[in-house]
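Note that these values count all heavy atoms, side chains included, but never hydrogens, waters or copies made by symmetry. Position 1 is the first residue of the sequence, and the numbers go up from there.
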Amino acid sequence: QVPLVESGGGSVQAGGSLTLSCESPTYTPLCVGWFRQAPGKEREAVATIDMRESNSYYADSVKGRFIISRDNSKRVSLQMNTLKPEDAAIYYCAVDRTFTEGACLSGGSGQRFRFWGQGTQVTVSS
């Protein structure tokens, strides 16, 4: 198993901002993704980044509000701005290095990813 360190979750009012971070101390990923799952809903991709070229994918629901960035070869941040109540969920970081950039940036539910963090709660109050 690959340990991942997630941080930055919390509670914020609608319109506020939070930044999540994901660090992979023992494993150098080529693809890092942030996914979320709200109660009663399927897990969905929020944003992914290919660590080779720093190209990224965003779900339509977060485009223009969230920014995923490569801090270094083992750490990624997700800046979340103008948060909405519908953004509330448990956010999970996932990493891998066994698939192509195209697969990394394809969205989906993250089934390709082998290594997952424990999740961090994001609560947005209206």
Side-chain angles (χ1 to χ4, degrees):
Q1 188 55 270
V2 168
L4 299 180
V5 180
E6 299 163 324
S7 61
S11 297
V12 66
Q13 288 190 324
S17 299
L18 285 173
T19 299
L20 306 182
S21 293
C22 174
E23 187 162 13
S24 175
T26 65
Y27 178 85
T28 303
L30 295 181
C31 183
V32 179
W34 279 101
F35 297 80
R36 67 187 181 189
Q37 188 165 21
K41 294 190 175 181
E42 298 285 324
R43 186 177 66 199
E44 62 175 352
V46 175
T48 61
I49 185 167
D50 182 270
M51 301 292 272
R52 289 159 286 202
E53 301 291 338
S54 293
N55 291 320
S56 56
Y57 158 90
Y58 294 96
D60 287 343
S61 58
V62 306
K63 281 181 182 175
R65 300 189 297 122
F66 290 14
I67 301 171
I68 190 169
S69 58
R70 178 186 184 276
D71 298 335
N72 57 48
S73 64
K74 295 187 176 185
R75 182 183 171 94
V76 164
S77 293
L78 180 69
Q79 182 179 343
M80 305 186 295
N81 300 316
T82 319
L83 282 159
K84 303 176 180 180
E86 51 264 43
D87 294 317
I90 299 176
Y91 283 68
Y92 298 91
C93 174
V95 302
D96 214 311
R97 61 184 179 200
T98 58
F99 39 87
T100 65
E101 179 184 23
C104 178
L105 304 181
S106 63
S109 64
Q111 290 178 328
R112 299 175 189 270
F113 287 85
R114 293 179 294 162
F115 307 118
W116 291 81
Q118 296 296 309
T120 185
Q121 179 73 51
V122 171
T123 303
V124 184
S125 57
S126 56

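- Heavy atoms of other residues, nucleotides or ligands lying less than 6.0 angstrom from CD of Gln13 number 12 at most.
- Within the 4.5 Å cutoff, side-chain heavy atoms of Arg114 are placed close to those of Thr98.
- In the hydrophobic cluster analysis, where Ile, Leu, Val, Met, Phe, Trp and Tyr join through side-chain heavy atoms closer than 4.5 angstrom, Ile67 is grouped together with Leu83.
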Pair Cys93-Val32, side chain to side chain contact (heavy atoms under 4.5 Å, CB included): steps then yes or no:
CA-CA 7 Å; Cys93 174; Val32 179; 4.0 Å; yes

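- Looking at Arg65, its side chain does come within 3.5 Å of a backbone N or O of Thr82 through a donor-acceptor pair.
- Atom-to-atom distance recorded for Asn55:CG and Ile49:CD1 is 8.0 Å, nearest 0.5 angstrom.
- By the 30° and 60° cut-offs, the orientation of the rings of Tyr91 relative to Phe66 is tilted.
- Here the side chain of Arg70 pairs no donor or acceptor atom with the backbone of Ser54 at under 3.5 angstrom.
- Looking only at distances, a side-chain donor or acceptor of Thr48 sits under 3.5 Å from a matching main-chain atom of Cys104.
- With hydrophobic clusters built from ILVMFWY side chains whose heavy atoms lie under 4.5 angstrom apart, Trp116 shares a cluster with Ile90.
- Here the straight-line distance linking atom OG1 of Thr28 with atom NZ of Lys74 works out to 4.0 Å at 0.5 Å rounding.
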Would Ile68 and Val76 count as a side chain to side chain contact (heavy atoms under 4.5 Å, CB included) here? Give the steps.
CA-CA 7 Å; Ile68 190 169; Val76 164; 3.6 Å; yes

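- Through chains of ILVMFWY side-chain contacts below 4.5 Å, Leu105 is grouped with Tyr57.
- With a 4.5 Å cut-off on side-chain heavy atoms, Thr120 and Tyr92 do not count as touching.
- Ser109 contributes atom OG, which lies 7.5 Å from atom CD of Glu42 (distance to the nearest 0.5 angstrom).
- Taken to the nearest 0.5 Å, the CD atom of Glu86 stands 8.0 Å off from the CZ atom of Arg36.
- Ring planes of Phe113 and Phe35: perpendicular class, angle over 60° (limits at 30 and 60°).
- Here the shortest heavy-atom pairing between Asp71 and Ser77 reads OD2-OG, 2.5 Å.
- Other residues, nucleotides and ligands place no more than 12 heavy atoms under 6.0 Å from the CD atom of Gln118.
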Could you go through Met80 and Asp87, starting from their C-alpha distance and side-chain angles, then the distance that decides it, and tell me whether this counts as side chain to side chain contact (heavy atoms under 4.5 Å, CB included)?
CA-CA 9 Å; Met80 305 186 295; Asp87 294 317; over 6 Å; no

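- A pairwise comparison of heavy atoms in Ser126 and Pro85 identifies CB-CG, 3.9 Å as the closest pair.
- Between Ser17 and Gln79 the shortest side-chain heavy-atom distance does not fall below 4.5 Å.
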Given Ser24 and Arg75, is the side chain to side chain donor-acceptor pair (under 3.5 Å) satisfied, shown in steps?
CA-CA 6 Å; Ser24 175; Arg75 182 183 171 94; over 6 Å; no

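- When atom types are taken as modelled, the side chain of Arg112 and the backbone of Gly108 share no donor-acceptor pair closer than 3.5 angstrom.
- Within the 4.5 Å cutoff, side-chain heavy atoms of Leu18 are placed close to those of Val122.
- Taking 4.5 Å as the limit, some side-chain heavy atom of Leu30 sits within range of a side-chain heavy atom of Arg52.
- Side chains of Met51 and Arg97 form no contact here, defined as non-hydrogen atoms less than 4.5 Å apart.
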Give the C-alpha distance, both sets of side-chain angles, the deciding distance and a yes or no for side chain to side chain contact (heavy atoms under 4.5 Å, CB included) between Glu6 and Trp34.
CA-CA 10 Å; Glu6 299 163 324; Trp34 279 101; 4.2 Å; yes

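- Annotation: side chain of Thr26 is in contact with side chain of Pro3 (closest heavy-atom distance under 4.5 Å).
- Val12 is not listed as a side-chain neighbour of Thr123, based on a closest heavy-atom distance of 4.5 Å or more.
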